[in-house]
Colleague: 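Please find one structure pasted underneath; my questions will follow.
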Amino acid sequence: MTDPEIYPITGDWTNASLNPKRYEDLYEAAASSPGSFWLDQATKRLDWIEPPTIAGDWSFAKADFHIRWFADGQLNVAANCLDRHLAKNGDTVAIIWEPDEPGEAARHITYRQLHAEVCRFANVLKAQGVAKGDRVTLYMPMIPEAAYAALACARIGAIHSVVFGGFSADALAGRIEDCGSKIVITADEGRRGGKRITLKACVDEAASRAPSLERVIVVRATGADVPMGERDIWYHDALATVSDICPPEPMAAEDPLFILYTSGSTGKPKGVLHSSAGYLLWADFTFKIAFDYKPGQVFWCAADIGWVTGHSYILYGPLSNGATTLMFEGLPTWPDASRIWQVVDRHKVHTLFTAPTALRALMKEGDDFVRRTDRSSLKLLGSVGEPINPEAWRWYHDVVGEGRAPIVDAWWQTETGGIMIAPLPGAVPMKPGSAAKPLPGVMPQLVDDQGTPLTGPASGNLCITQSWPGQMRGVWGDDERFFQTYFTTYEGKYFTGDGCRRDADGYYWITGRVDDVINVSGHRMGTAEVESALVLHEAVAEAAVVGMPHDVKGQGIYAYVTLNAGVTGDDELRRALIAWVRHEIGPIATPDKLQFAPALPKTRSGKIMRRILRKIAEGDTSSLGDTSTLADPAVVDDLVANRVV
Ligand code: WT7
């Protein structure tokens, strides 16, 4: 299949750092001699305490499985994000903080100020006994202190685990316990879209289920009156007694930098573990080439630091590059659908990196909200987290960017640490809806269900055949799960879980997850997690959850629930179950539709046939395929007849 639409490189972008030839050369250099390519990048791009002499040292094979990069090097990530910029760029603004409330003053934090704040926060942590290798959980609103806290951990070699502020007390407790963190950093409350998020209260609730927790550091953000118990201390009190001098801890390249929990197709969320040097280099390198960042530009990644996008493109990538990164506390749709564009104008944002779900929500409100703003500073656009449908792509390009700003459709994952496939601005012409071409060092391969590599134009399962510096290094506390999850489906390759098409021009088109993971508003949700939450309810015997198309969220959550004998499935119970899941996991897991089913379609061996459930949820009931292997084919008729529309 050839694609009708191709957007050539135009305007300012003919003078970008990369051009098509330079991209091809870089790709070729990284492919043909990865060792010298990455050693060169690592020594040029980062500041080392002990420079490495080896680059990648890895094997995806079972007998010899290991992944290491720059293993004999030593550095400190926070020093790379702060100290090395001070001499020349100490007065450059590192973070612009835009508050939730539109009229409120923004904050501008220079590299020098950020350095001092991070050193003080690091000393607060040290005073609490936090040492190298300890895990520290962050449950924070989008305020500068969240950045200080993460970088403070990096400075002293503690491993941060950021838990998105929208997760429930239960989800938080599970994540605290899984990594055995003794300390949580939170705030009295968060603010978003004019609403308050009761973070401290959630931590209190989580604490009763998280016995490892000893200390809670509370940042005063809204000034709400929150009860302080024996384990709690106010950050501002702790600050009073610490100095602002804190030398960075020398870290081995492979020492962990952070854990970030993400959903998979089975079991509890996994603690994805990232390294210090390899991760930092990937965040640094991909930020520079994917966004062609130049000093003076304001870069805005409109994600939350609770997700990997926030880690790599609000914090580590921009700060390692000495860039100015914008941190936004609010919501794109509040007070109205003009907010993003007003923030762009207020801070003269050059690059905006956001998710298709936000674009679709704004697009629905009409062009006027965009057109009434100036946006002339905006020269580059990014899209991340889920496939962008061509209609949203064109709106972003034509209406938001007025045709002058390329769109970097960045495909990657929590596991990859940073961007893997994207049309580099100035270097790769765009096709709406395609993530285009792999970055230097990324070796994608499509395989069929048997694992046979496919060449030329093809559709298949997306694997990566060679390690790259930003690759995750493990699942916290479960080495076997790391290997099992990613390297056994297709032996000797990293399997992404995504389906993908490659066209005749070698462009990659991600078609979505092929496993039991759904992508809701650019956030990953395991169907198994939602099912576990449902069956915890006393009325529920069994549950099966699938994704369904949703015009704003990309995918919505459709739940089939079988009730215990004697329980009647009425609207009240439906509402109660939906609220239950929301409370158990968090608002992002809220089922959009919930159908009571007398039974679920199962094979004779008892396996739920999700393919059929997906079709019914999609409303595609005319082509359910072969149902003859079902233990009781009549179950399907009931499901079809009672589909929730
Ligand atoms: C999954 C990873 C990327 C960081 C934020 C989400 C989907 C991500 C794209 C894209 C199509 C995309 C994939 C991937 N995805 N970016 N540009 N086009 N799909 O990270 O929560 O780890 O989710 O998001 O399905 O596997 P995540």
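Treat the numbers as computed from the prediction; the structure is a model and nothing was measured. Just follow the structure's listing: the first ligand is 1, and inside any ligand the first atom is 1.
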Colleague: Classify the ring geometry of W58 against F60: parallel below 30°, tilted from 30° to 60°, perpendicular beyond 60°.
Modeller: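 Correct class here is tilted.
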Colleague: Kindly assign one of parallel, tilted or perpendicular to the pair Y27 and Y23, based on the angle between their ring planes and the thresholds 30° and 60°.
Modeller: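 If you compare the ring of Y27 with that of Y23, the planes turn out tilted.
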Colleague: Quick one: CZ on R524 to OG on S263, what's the gap to the nearest 0.5 Å?
Modeller: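 The OG atom of S263 is 7.0 Å from CZ of R524, to the nearest 0.5 Å.
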Colleague: Below 30° counts as parallel, above 60° as perpendicular, anything between as tilted: where do the rings of W282 and W38 land?
Modeller: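 Rings of W282 and W38: tilted, as their planes differ by 30° to 60°.
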Colleague: Let me confirm one number: the CG-NE2 distance from D292 to H350, rounded to the nearest 0.5 Å.
Modeller: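 If I round to the nearest 0.5 Å, the distance is 8.0 Å.
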Colleague: Show the protein residues that qualify under the rule heavy atom under 4.0 Å from an atom of ligand 1, listing them in chain and number order.
Modeller: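 Within 4.0 Å of ligand 1, protein side: V308, T309, V384, G385, E386, P387, D409, A410, W411, W412, Q413, T414, D498, I510, R513, N519, R524.
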Colleague: Do any pairs count as a salt bridge (Lys or Arg N to Asp or Glu O under 4.0 Å) and have a residue in residues 393-408, sequence neighbours left out, and if so which ones?
Modeller: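 For residues 393-408, and leaving out neighbouring residues, the salt bridge (Lys or Arg N to Asp or Glu O under 4.0 Å) pairs sorted by first residue read E5-R394, R375-E402, E402-R404.
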